[in-house]
J.: 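Submitted below is the structure of interest, expressed as structure tokens.
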Amino acid sequence: MTLFLAVLIPFAGAALVALASRLGRSLSAWAAGGVTLASLALLAPLAPLPFAGETLVQQQDWMPALGLNLAFRLDGLALLFAGLILGIGLLIVLYARYYLSERDSMGRFYAYLMLFMGSMLGIVLSENLIQLLIFWELTSLSSFLLISYWQHREGARRGARMALAVTGLGGFAMLGGFLLIGHIVGSYELSDVFASGDLIREHPLYVPTLILILLGVFTKSAQFPFHFWLPHAMAAPTPVSAYLHSATMVKAGVFLLARLWPALSGTPEWFWLVSGAGLATLLLGAYVALFKHDLKGLLAYSTISHLGLITLLFGLSTPLAAVAGVFHIINHATFKASLFMAAGIIDHEAGTRDMRRLSGLWQYMPYTATLAMVAAAAMAGVPLMNGFLSKEMFFAEAVHIAEGHLGGWVLPALVTLAGAFAVAYSLRFIHNVFFNGEPADLPKTPHEPPRWMKAPVEVLVVLCLVVGIAPALTVGPLLAVAAAGTLQAPLPDYHLALWHGFNTALMMSLVALALGATLYLLRRPLFAWHERTLARLDARVPYNALVGGLVGLAGFITRTFDTGSLQRQVFLFILAALTLGLVPWFAGGTPLTGGRAGLPLDAVSLVAAAALILATLATVVWHRRRFTALVTLGVVGLVVSLAFIKFSAPDLALTQLSVEIVTIVLLLLALHFLPQHAAPEPDRARVGRDAAIALTAGAGTAALAWAVLTRPYDTIAGYFLENSKPGGGGTNVVNVILVDFRGYDTLGEITVLALAGLGIVALLQNLRLTAPLRDAAGRVWDADAHPVIMATLTRILLPLALMVAVFILLRGHNQPGGGFIAGLITAVALIVQYLASGAAWTHQRMRASPPHPNPPPHAGEGANAGPTPTAAPPSPQPSPRPGEGANAGPTPTAAPPSPQPSPRPGEGANAGPTPVYDSHPLLAWGLGIATFTGLASWAFDHPFLTSTFGYLNWPVVGKFEVASAMAFDLGVFLVVVGATLMILTGLGGLHRAEPGTKETR
Amino acid sequence: MRRLLPHPLLSVSLTLLWLLLVNELSAGALVLGALLGWLIPFATSRFWPEQIRIRHSGVLLRFLGVFAVDIVRGSFHVAGLILKGPTRLRPAFVEVPLDLSTDLAISLLANTISLTPGTVSARLSVDKRTLVVHTLDTGDAAALVAEIKQRYEAPLKQVFEEGDA
Amino acid sequence: MEALIALVIGVLTAGGVFLALRGQTFPVVLGLTLLSYAVNLFLFIMGRLAIGVPPVISESAAGYTDPLPQALVLTAIVISFGMTAFVIVLALKARAELGNDHVDGVQLGEDRQA
Amino acid sequence: MSLLDHLAILPVVLPLVVGIVLIVLRNAPRALQRGVAVAATLALLPLALALIQATGDGTHLVYKLGNWEAPYGIVLVADRLAAWMLLTTALLAVFALLYALTAPVPQPSPQTGEGANAGPTPTYDRDGRHFHVLFQLQLFGLNGAFLTGDLFNLFVFFEILLLASYGLMLHGGGRQRVKAGLHYVVINLVGSTLFLFAVGTLYGVTGTLNMADLAVKLAATPPHNAALVQSAALLLFGVFALKAALLPLTLWLPAAYAQTSAPVAALFAIMTKVGAYSILRVYSLIAGEAAGPLTGLLDAWLVPLALATLALGMAGAMASTSLRQQTAWLVVASIGTLLVAFGLGSADALAAGLYYLPHSTFATAALFLLADSIARGRGEFADRFESGPAMPRARLVGGLFFAVAVAVAGLPPLSGFLGKFMLLQAALESPWMPWVWPVVLATGLLGVVALARSGSLLFYRTHTAHAELPAPANAALAPVVGLLALIVGLVLAAGPLSDFTAATAAQLTAPQHYIDAVLGGAR
Amino acid sequence: MIDTLLALLVLTGAIFTFIGSLGLARLRDFYTRLHGPTKATTLGVGCLLIASALYFSLRDDGVSLHEVLVTLFLFMTAPVSAHLLAKAALHLKVKSLAPTPADDRSPPPDAA
Amino acid sequence: MLDTVIPIAYALVALAFAMSFWRLIQGPDAPDRILALDTLYVNTIAFLVLLGIHLGSAIYFEAALLIAMMGFVGTVALAKYLLRGDIIE
């Protein structure tokens, strides 16, 4: 996995570099250089392979089922790019060491740079397309970091975001394209893709595939109309521009063109799309570059233009054009990187990059000027420079392609024009900066840069020259393997030489040189004209409008949809439910009424139903007369329980009745603290709309109920009726279902109840409400808080009620009743004490006595071995209310009502004036008993909650049943008592909070 | 004794209650009822701190008899009044001065009044000395007060309060 | 009878939905309570209507209705009780935190205690 | 029976028992409470792994509660899907809990209208009562919901996890939180009502509640009942859609998640997945290939709604004015993506969704936790997208933000990208492809743009601080790092994991095995 | 004979129940309305309960007395409810046909 | 004999129910409504007892007992609210 390692090293190196920076600034530069060299060293031994015509593919399974594997490929093209990335990378590392100022963090810069380098290497060495895309996106991300390196600058932030957005767009599109390729080919491996070129080109999805991939390419390589991000990315430090925006990242796009050339090129679509975009970019970039006053801006547009040139070459689809493209990639990387570095030096030494201020630098930095001039000459395509050679090939291809077509002169003319502009802006770069009189008020006095800052430029400039003069000897072999890697086919016949004789291409070059010089001479009127007209066209404006529009649209959608109104949410939900419920019926074919015969109607039911309907309507109509609505709600509850009784559900009726009362008490408690007068309805339309949807919902449920009721059905109920007695040991089937067949539901249900209690306790914390001093009509409350007659009588009721509760609890298994109802009865009996005698009085009395009756002994002796609460009256509890939480000491334990609840010493110290009964132990006991009953069955090798029962025969008492389910029911009972008390006493305790108490956490 | 059996009367009543609840008279039910009758008072003893002592059981029984008859009488009376129509009624509020002092006795009196002919106890003064009674159809308020005091208050005082004060 | 029950459920649902759509917390709680009545009845009658045949095993019973929906409703009642209790307390909390009893915390009209 | 035979119920019982123990220990030393809570949460990990192991070969572990046979009693069914959900939950819970134990609660900013409070800031678990109990019972509810094989029992566990989530959501209180909580509670109560209507109708027609049995019965629905069962099944879908925050039932989520405390919001990252899970579980059984009138019931609904949800989520993320709000909207977007996968319904798509599920859970949770640290570090500017002071340790926090943002946005090389890749690949075969691709790709881009903007505003556009701001402690950042590590783990082990999700998807698309495993004994 | 007694009891009970509610519906101020349900209805239900006790005792060869319990509860609670309601009505100054007594102005013993 | 009486009794109880309900709707004051609700509870007990005799089932007894208890609590709570506002203090 050498290739994998070579890619991995820079990533690992990023961390190393960041760490090294803690030890010293130069150290991180050294580390970065070392990392680059290491990667280079790893690849170098493999370099001969492509030269020998071999393609190295290394593969490691990752997600084989999905066709996504770690696969790396080293062929000529990959080798060329890897060399460029690492070689120029090394120079950049060196250059940046001197470029960055004291204030800039070296470690961060080099770490980002290494990340980028690794990503870039990943792209070029990928064999798998998806893997390639992963690295592709990584370059976007790391370039975001690099561009925004000077994050305090507005331009850097904006530029970085714009670059990310545009290249991100391309990345996502390209993902789509690659997926389509994978779909067509059946593999993401390049080897397979290359082999399936014809398959791809003939596939109906070819055009979408091509467009998606080209979107990726064009955005990355700044092709028109996505070119605009590149100039803004110039806010990055110059080494970044030199590296990313000349040699590497922007080349990723054209790399991909080269990479997929064998698979995608050769169709008219390819030709028109690619060469069209290339040509447009070539012209546009060259034109705009001339008018940029910022040195880096000029270079950026020049880069755009040259990328257009390369794109155009690949678009031409001939092998020779592809070779020329590859060649120009190499040449452009060398001269443009050196120019960027030169621009950086100028910026660094002169303090500005504005060409309106720069001039005459020749006298201050002649050496740098020389280097820059050579590189600029290469950019302009002056003979003896490498730029000339590839441009020659380009011109030749342009002519060749255009030959024989109608209007065949257009393309050669246009490219010559672009060449002329290239000459003009190169001239401007040289003349304006280094000559053209004396410099005007520069921030610094310019001088030559440090030795090692120039070195990278020197290396590159020498390369420009060497290649330009003796191409066949120098770059020839590399170009050959790279081109072979691009074409994945035998190379066309071409000849690398400085002199090809007087041919059309040479003529075009000469014309371009002459025209370029003329353009530069005519620059003043041209500049003026440009300022008046085209300069006002800025691609950033539509981009910003687009982004702004998107954000605005997003805001609009979000605000329109999410108004923060609960009513709207509920409305939408009900509307959705109605839609979902109604849609199936439109298909027809299902009658609403089934074939089951119904029961006859009787008068009592009619009266009751009428009362229920009227009471419901009254509740709705009078909902703003709150107390009255509460009373009518009570009627509704009563009639509902009557219905349960009528239709053979005594258990339900009992439950409903108890719940009903507790709910009313709760609502009364709430009513006291809520505004007594409701605000008026906002508008009638709202009411009408709500009424309409409410009626529809009502009609819907009624129809649903009717549809089910009139249909016969098969049910699993028979099993329960048969097995209740023999299997569950009880004759009340509902109760047996609850504690046995579906005891798990019940366990969950009591957990809900316990959670409600606990949640309410948590919610009540810090809750301070001021109780109104007058009632709705403005009357002062009655002075008598605890009417004697009520208090006395309710005290008598308590033991009676407890007795009834025990009775209901015990019989539950066989007759209507059970833990839940018994628990509610107990809780209600205690609540009445609160009602009649007050919280303080009741709490005092509950502290020392268990609020529940001691369960009869035999209930605890079944399978459940746990201690019954008989032995464990809840221990006294100090107030858990947070308001009194000032006591820092550990609040006395409460907890497991242990058989010997000896209170800790010192407990009384923080017992407030009004002790509050703590129901937590009850809750814990209840849940604990229920859970433990379930767990106990494990001891007998049965699943959770398996019940058991038996019959005991005691003297005198006689035969009676003992069932583990009864213990479970006891747990239910305790939870209900605990939770209900917890809720009600918590609420009842609210008023004790002194109004205006400062909240404390 | 008090520690072991805080409220013997209550215990007995509860045992009876249990038998009524289970609606059968068997040894098992009796044992369980007695057990509960013994245990529940423990649980609720804090709610009933004071001993309830009953003297003059005979008086109590006679009172209960009078009470039962009066309930029936009262119901018929009220039923008649209702059927006769609302216009014939002569409602009034009457204040009954109280001789009773314990809460229990006062409460029982108030309840008795409410259940018997045409009267409902409406309000007890804060000092517990006067009971305001609403009557449905009153001719002579003073006579009513006298009847209440003689017929209900006196026996209750005998049963619950004699010797206490 | 079936039609009557269906009608009752429909009315309860309609009332519940209408109240749940109100702006103050109290009617919303009322609405939720009505809705829970409706759904409890609905769930219950899924075992069909039957009079005088409670699912308590005895020799003299004429038959038994489907016990399962009853057990489900029981569970549902308890759960909705817990939920109602919670939402009531939450309404109070909201009253304290938001200063009024509107579900969105916006002031509509007068709030005498604010 | 050894303890191993009870494996399927252990992840349910454990949090319950611990919850009870924690009620008992409510006044015990805090260290003890925390120790118990952490140990119990950690213990869920080996249990979940054991379940993965036990179900890995395609076994359906059927646990008959109360030893009653399948359609009559309640059964727990542990299959690959359940085990996967349990593992995700357990992992998430560990980090959410750790954060709650270590990170201090942010000082209420003057804007929220709460009085300044003096004294040391407590950690989240001390910000109110019963945090640990509620947390454990929340896990009880979640695990129970994932394991149950009974529709009504699913309702019960929904209620448990909802009520626990209400408690947790409102924990600590505060104006905005209470308002959001009220909305969350009320809408869910209405949802629960609908759940009962739907379950009731299904029972009324089929006479059974066991999901496997329901599948059998529903498949044999006679034509004159067709619309009735379709109606019921769609109503049920409405409930699940609400829990999953599918459009148009999304609105409760952004406020609720943005306003609650960070560890709770992080834990809630799994809550919407419960809805998604339920959709998958129930409809893979009752609306599969041979499901009578229910065949392909959701085909027309799920994908378009999910795509709309995704789009809305991203719109919300673009329009957000604070990081937590943005994260909440990103949760919406992630659920949209997830449900697109589930809606496509093919085995490949399900596999993609199941791979994406833990990723999106961890990623959004990490972002919630990080947003909290950021808010604390920026003082009064909190997490609002405004130019604020440079926060202490901005490099580290910024780096973490970058990584988390990459994860959330679904960019390479993190698992979100792999999930989306799998999803898009799966969508190729679907007729929905022309809709799925543009939306998924475009929203991906919007996510990048939105997060780049947030990061840029929060970290780059800073001015010098005029007050001493608290630096985020390592302890508060560690859970974020931990969640990121999980995401990296998802990438590194993508092969075996995607194989697992593919196997899970295969199991789901062949529900007959499930049905046979559950009902085998009874028939 | 017993059957007739039973029927009589049932009928009496139902009639009293009816009359109680009739009073509630017909009478013209709250205080007079209070009397009907408190007495007539209570007795009506009492009669019905006795009938029920009799019925079940006869049918199941065993004494059925648990109906007594309900009666007991009713007789204990009905007057308390009535008293409280009257108290509340006086407090609220509900319209009365009879002149209402003066407010009880003495300071409350246990004002909160 | 009983069979002829029971329908009459049902009718009377139903009428009683209806009248109590009428008062509940009619009001006019809060105590009237509470009283009406209380009476409705008692009417329901009557109905249950009748139902028990009619169907010959003792299974409705507990419901009657419970209504007696719960009705009282409801009435007391509502009345206390009118008097004091805060019912648990």
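Keep in mind that the numbers below use all heavy atoms, side chains included, and drop hydrogens, waters and symmetry copies. From a predicted model like this one, the values you see are computed outputs, not experimental measurements. A note on names: the letters A, B, ... follow the listed sequences, proteins ahead of strands, and every chain is numbered from 1.
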J.: So do the side chains of A:Val662 and F:Val73 get within less than 4.5 Å of each other, counting heavy atoms only?
T.: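 No, side chains not in contact.
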J.: Counting N and O atoms only, with roles assigned by atom type, does the side chain of F:Lys80 sit under 3.5 Å from a partner on the main chain of A:Leu835, one being a donor and the other an acceptor?
T.: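 Indeed, once roles are kept as given, a pair shorter than 3.5 Å links the two residues.
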J.: Taking every heavy-atom pair that is under 4.5 Å apart, which of A:Ile664, A:Val832, A:Leu638 has the most such pairs with chain F?
T.: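 Looking at each option in turn, the highest pair count goes to A:Leu638.
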J.: Which one, A:Ile645, A:Val607, A:Leu614, leads in non-hydrogen pairs under 4.5 Å with chain F?
T.: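 Of A:Ile645, A:Val607, A:Leu614, A:Ile645 has the most heavy-atom pairs under 4.5 Å with chain F.
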J.: Side chains of A:Phe627 and F:Arg33, heavy atoms from C-beta outward: is any pair under 4.5 Å?
T.: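 Side-chain contact under 4.5 Å: no.
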J.: Please state whether the side chain, the backbone, both or neither of F:Leu48 comes within less than 4.5 Å of a heavy atom of chain A.
T.: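 It is the side chain, since no backbone atom gets that close.
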J.: How far apart are the closest heavy atoms of A:Ala611 and F:Phe17, and which atoms are they?
T.: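 Shortest heavy-atom contact: CB-CE2, 3.6 Å.
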J.: Find the one option among A:Ala608, A:Gly817, A:Ala603, A:Ala615 whose heavy-atom pairs under 4.5 Å with chain F are most numerous.
T.: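 With the most close heavy-atom pairs to chain F, the winner is A:Ala615.
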J.: Taking all heavy atoms of A:Ala618 and all of F:Ile25, pick out the closest pair and write down the distance.
T.: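 Nearest pair, atom of A:Ala618 first, then F:Ile25: CB-CD1, 3.9 Å.
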J.: Rounded to the nearest 0.5 Å, how far apart are CG of A:Leu671 and CG of F:Asp86?
T.: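 Atom-to-atom, A:Leu671:CG and F:Asp86:CG are 11.5 Å apart.
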J.: Just say parallel, tilted or perpendicular for the rings of F:Tyr81 and A:His672, cut-offs at 30° and 60°.
T.: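 F:Tyr81 vs A:His672 ring planes: perpendicular.
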J.: Could you pull out the closest heavy-atom pair between F:Phe72 and A:Leu797, with the gap in Å?
T.: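 It is CE2-CD1, 3.4 Å.
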J.: What residues form a side chain to side chain donor-acceptor pair (under 3.5 Å) with F:Asp32, not counting sequence neighbours?
T.: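 With neighbours one apart ignored, the set is E:Arg33.
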J.: Can you measure from OG (A:Ser648) to OH (F:Tyr60) and round to the nearest 0.5 angstrom?
T.: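 That separation rounds to 5.5 Å.
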J.: Against chain A, label F:Leu51 side chain, backbone, both or neither, depending on which of its atoms sit under 4.5 Å from a heavy atom there.
T.: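 For F:Leu51, the contact with chain A is made by the side chain alone.
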J.: Could you name the residues of residues 650-661 of chain A that have a heavy atom within less than 4.5 Å of a heavy atom in chain F?
T.: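 When heavy atoms of chain F are the reference, residues 650-661 of chain A contributes A:Pro650, A:Leu654, A:Leu657, A:Ser658, A:Glu660, A:Ile661 within the under-4.5 Å range.
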J.: Given the options F:Tyr41, F:Tyr10, F:Trp22, which has more heavy-atom pairs under 4.5 Å with chain A than any of the others?
T.: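 Counting heavy-atom pairs under 4.5 Å, the top option is F:Tyr41.
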J.: Just so I know, are the side chains of F:Glu62 and A:Arg811 near enough to count as touching, which here means a heavy-atom distance under 4.5 Å?
T.: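 When only atoms from C-beta onward are counted, A:Arg811 and F:Glu62 do touch, with a gap below 4.5 Å.
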J.: List the residues meeting side chain to side chain donor-acceptor pair (under 3.5 Å) with A:Thr632, not counting sequence neighbours, and say none if there are none.
T.: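 A:Thr619.
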J.: Is any residue of residues 64-71 of chain F within less than 4.5 Å of chain A by heavy atoms, and which ones?
T.: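 Against chain A, the residues of residues 64-71 of chain F that fall inside the cut-off (heavy atoms, under 4.5 Å) are F:Leu65, F:Leu66, F:Ile67, F:Met69, F:Met70.
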J.: Name the region of A:Ile808, side chain, backbone, both or neither, that has any atom closer than 4.5 Å to a heavy atom of chain F.
T.: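 Interface part for A:Ile808: side chain.
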